[in-house]
Protein chains: 2
Amino acid sequence: MLSKAPHLFDAATRVAAGDSRWSGHTSDDYWAFVGPFGGVTAATMLRAIMEHPQRLGDPLALTVNFCAPVAQGPFDLDVRLIKANRSTQHWSVELTQDGGDIATVATAVLAVRRPSWSRQPASVPHAPPFEAARPYSTRSLKMSWVRQYDFRFVEGEPQLGAAPHAAPGSAFSKLWIADAAPRSIDMLSLLSMSDAFFGRIFHVRNEFVPFGTVSLTTYFHTAADELATEDITHILATADANVFHKSYGDQTGALWSPNGRLLATTTQIAYFKA
Amino acid sequence: MLSKAPHLFDAATRVAAGDSRWSGHTSDDYWAFVGPFGGVTAATMLRAIMEHPQRLGDPLALTVNFCAPVAQGPFDLDVRLIKANRSTQHWSVELTQDGGDIATVATAVLAVRRPSWSRQPASVPHAPPFEAARPYSTRSLKMSWVRQYDFRFVEGEPQLGAAPHAAPGSAFSKLWIADAAPRSIDMLSLLSMSDAFFGRIFHVRNEFVPFGTVSLTTYFHTAADELATEDITHILATADANVFHKSYGDQTGALWSPNGRLLATTTQIAYFKA
């Protein structure tokens, strides 16, 4: 299928077809603290659905629960079509290693999106164009996954080399996100980018603390063919948090096309130790 | 366990214990358009986890996918502990009828919430006290579930008897929500209330259109013992929408204690025909 070296993202999210049992392998190119970058794990699970012969329609909603760190190496994906009608499908995917130990579970809703009345109450955040924004230096960061993205902060750029904040800072960020090696944004990379924000607590405290996403939910507000028509390699994103309490904090986010269309919204809850 | 008639909410969410297979029955008191009110279905699925002998910790995150209408009558709940460690548990629940047909699936994360650094960047919306707000008349509405709640709109009260809006109205609502028969709010009723907003599209268009929640995710930002200490029977809530497009629209929401603590946040994606 590929005649040239695939994009690292496609290599990282590659799956081998089975009937209900699919398989994949973690990528060292998208490594986080103690396991693969969650966005790529989510995209890999969604890819198994997208490439499944029974798949109908476009991703509408996906929730991933990160139950345990995924270990470096191969994994199996148990892909199951739970329920389907003419226009929607409900799927579940379980990622297991070592012959059955569950590391990650996902549920997804796919839909054939029919034309309808349309309205976007949310309005695109103001930002200078991608080309005018300054790339964020990821050199000092150890996680390989951050180097696969081109982050360009418009607001809330972290100063993670500096001292922790004396008083809590803002949890809000506005930034452009692109694949470091340009790649047309599709549903898979959009999903991955919906997890590509730095932990909100790092922003608020301006320091790294033990952190891990527990559950991520992303909604897609565009059909795949509409997204293809946008033909974009970067998105404008905002992320914020409502609360950090008793070892868990949340994150909300929105991903916009440069043309001002809301492509996806996302929310997650994450563990922290502080 | 109960020596007096239970609250309708507790009757509606009652489950009978099994090992992995639990059972329940729909309630006519919480009926929506073509099936039970989703909030009560979600709360019933969570109750099966909460009453499971292996349950440890408090609800942290719950996602419910509504795959097909739940028919009036009995249902089975397949409750499964997917993964557990000392402080978190991952569960899944499948609601089936007629010997296996899946209607609803849920995943949940439970956690023993340890003390930590705490901060609430979000601030409680301004509102007059519950007692000073005017109850919303639900008399003209056919769905029985709305009569189980005492809605008191502070902003965005729908005028559903009036003509549809000529131009789209606001998707934002701010309201107090209480059980119509007062009941101390616990994790189960908090979850149910997180689905107790009217469809955002009804607000924007000021008319009923075919509508159904497809996927609901709620995060709990309080431990069960903290919530019990609040000892409250009503919450202040806000709900909004970002986009309606190609037959689907989203909803975001936040649920606050009268004391200004953020108790839960929620998001959902819903089908509409318009």
Side-chain angles (χ1 to χ4, degrees), chain A residues 60-61 63 65 67-68 82-83 85 87-88 90 92 94 101-103 105 107-109 111 113-122 168 170-172 200-201 204-205 209 214-215 217 219 221-223 226 240-250 252 254 262 265 267 269 271-274, chain B residues 60-61 63 65 67-68 82-83 85 87-88 90 92 94 101-103 105 107-109 111 113-122 168 170-172 200-201 204-205 209 214-215 217 219 221-223 226 240-250 252 254 262 265 267 269 271-274:
Chain A
L60 179 71
T63 293
N65 289 352
C67 309
I82 294 173
K83 187 87 181 179
N85 61 29
S87 52
T88 59
H90 288 266
S92 77
E94 289 182 6
D101 213 22
I102 294 181
V105 294
T107 60
V109 186
R113 300 187 71 152
R114 320 267 181 211
S116 76
W117 177 79
S118 192
R119 179 166 173 77
Q120 186 180 287
S170 169
F172 179 77
R200 293 301 93 193
I201 197 166
V204 173
R205 295 175 59 103
V209 297
V214 174
S215 185
T217 290
Y219 297 153
H221 302 301
T222 180
E226 293 176 296
D240 208 345
N242 291 296
V243 63
F244 305 91
H245 183 63
K246 286 210 166 173
S247 307
Y248 293 90
D250 73 333
T252 57
L262 184 60
T265 49
T267 188
I269 194 150
Y271 167 82
F272 68 85
K273 190 169 179 180
Chain B
L60 179 70
T63 293
N65 290 352
C67 310
I82 294 172
K83 187 87 180 179
N85 61 30
S87 52
T88 60
H90 289 266
S92 77
E94 289 181 5
D101 212 22
I102 294 181
V105 294
T107 59
V109 186
R113 300 188 71 151
R114 320 266 181 211
S116 75
W117 178 79
S118 192
R119 181 166 171 77
Q120 185 179 289
S170 168
F172 179 77
R200 292 301 93 195
I201 196 165
V204 173
R205 295 176 59 103
V209 297
V214 174
S215 185
T217 291
Y219 297 153
H221 302 301
T222 179
E226 292 176 297
D240 210 346
N242 292 296
V243 65
F244 305 91
H245 183 63
K246 285 208 165 172
S247 308
Y248 293 91
D250 73 333
T252 57
L262 184 60
T265 49
T267 188
I269 194 151
Y271 166 81
F272 68 85
K273 190 168 180 181

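Residue numbers begin at 1 in each chain, while the letters A, B, ... track the order of the sequences.
Residue B:Arg205 touches chain A through its side chain alone, counting heavy-atom pairs closer than 4.5 Å. Contact annotation for B:Leu262: only side-chain heavy atoms (C-beta onward) come within less than 4.5 Å of a heavy atom of chain A. Heavy atoms of B:Ser215 lying under 4.5 Å from chain A belong to its backbone as well as its side chain. Only the side chain of B:His90 comes within contact range of chain A, judged by heavy atoms closer than 4.5 Å. Both the backbone and the side chain of A:Ala274 come within less than 4.5 Å of a heavy atom of chain B. Contacts of B:Thr267 with chain A are made by both backbone and side-chain atoms, with heavy-atom separations under 4.5 Å. Heavy atoms of A:Val204 lying under 4.5 Å from chain B belong exclusively to its side chain.
What you find for A:Pro121 and B:Asn242 is that their closest heavy atoms are CD-O, 3.0 Å. Here the shortest heavy-atom pairing between B:Arg113 and A:His245 reads NH2-O, 2.8 Å. Of all heavy-atom pairs between B:Tyr219 and A:Thr217, the closest is OH-N, 4.2 Å.
The residue among B:Glu94, B:His221, B:Gln120, B:Arg200 with the most heavy atom pairs within less than 4.5 Å of chain A is B:His221. Counting heavy-atom pairs under 4.5 Å between each of B:Ile102, B:Asp101, B:Val209 and chain A puts B:Ile102 at the top. Interface summary for chain B: among A:Pro168, A:Ser170, A:Ala61, A:Ser87, the most heavy-atom pairs under 4.5 angstrom belong to A:Pro168.
To the nearest 0.5 Å, atom OH of residue A:Tyr271 and atom CG of residue B:Leu60 are 12.0 Å apart. Remark: B:Ile201 CD1 to A:Ser116 OG distance equals 7.5 Å, nearest 0.5 Å.
Contacts of B:Phe272 classified as ring pair (Phe, Tyr, Trp, His ring centres under 6.0 Å), with partners at least two apart in sequence or in another chain: none. In terms of the side-chain contact (heavy atoms from CB on, under 4.5 Å) criterion, residue partners of A:Ala68 (sequence neighbours excluded) are, by chain and number, B:Lys83.
Counting only heavy atoms from C-beta outward, the side chains of B:Val214 and A:Thr88 never approach each other to under 4.5 Å.
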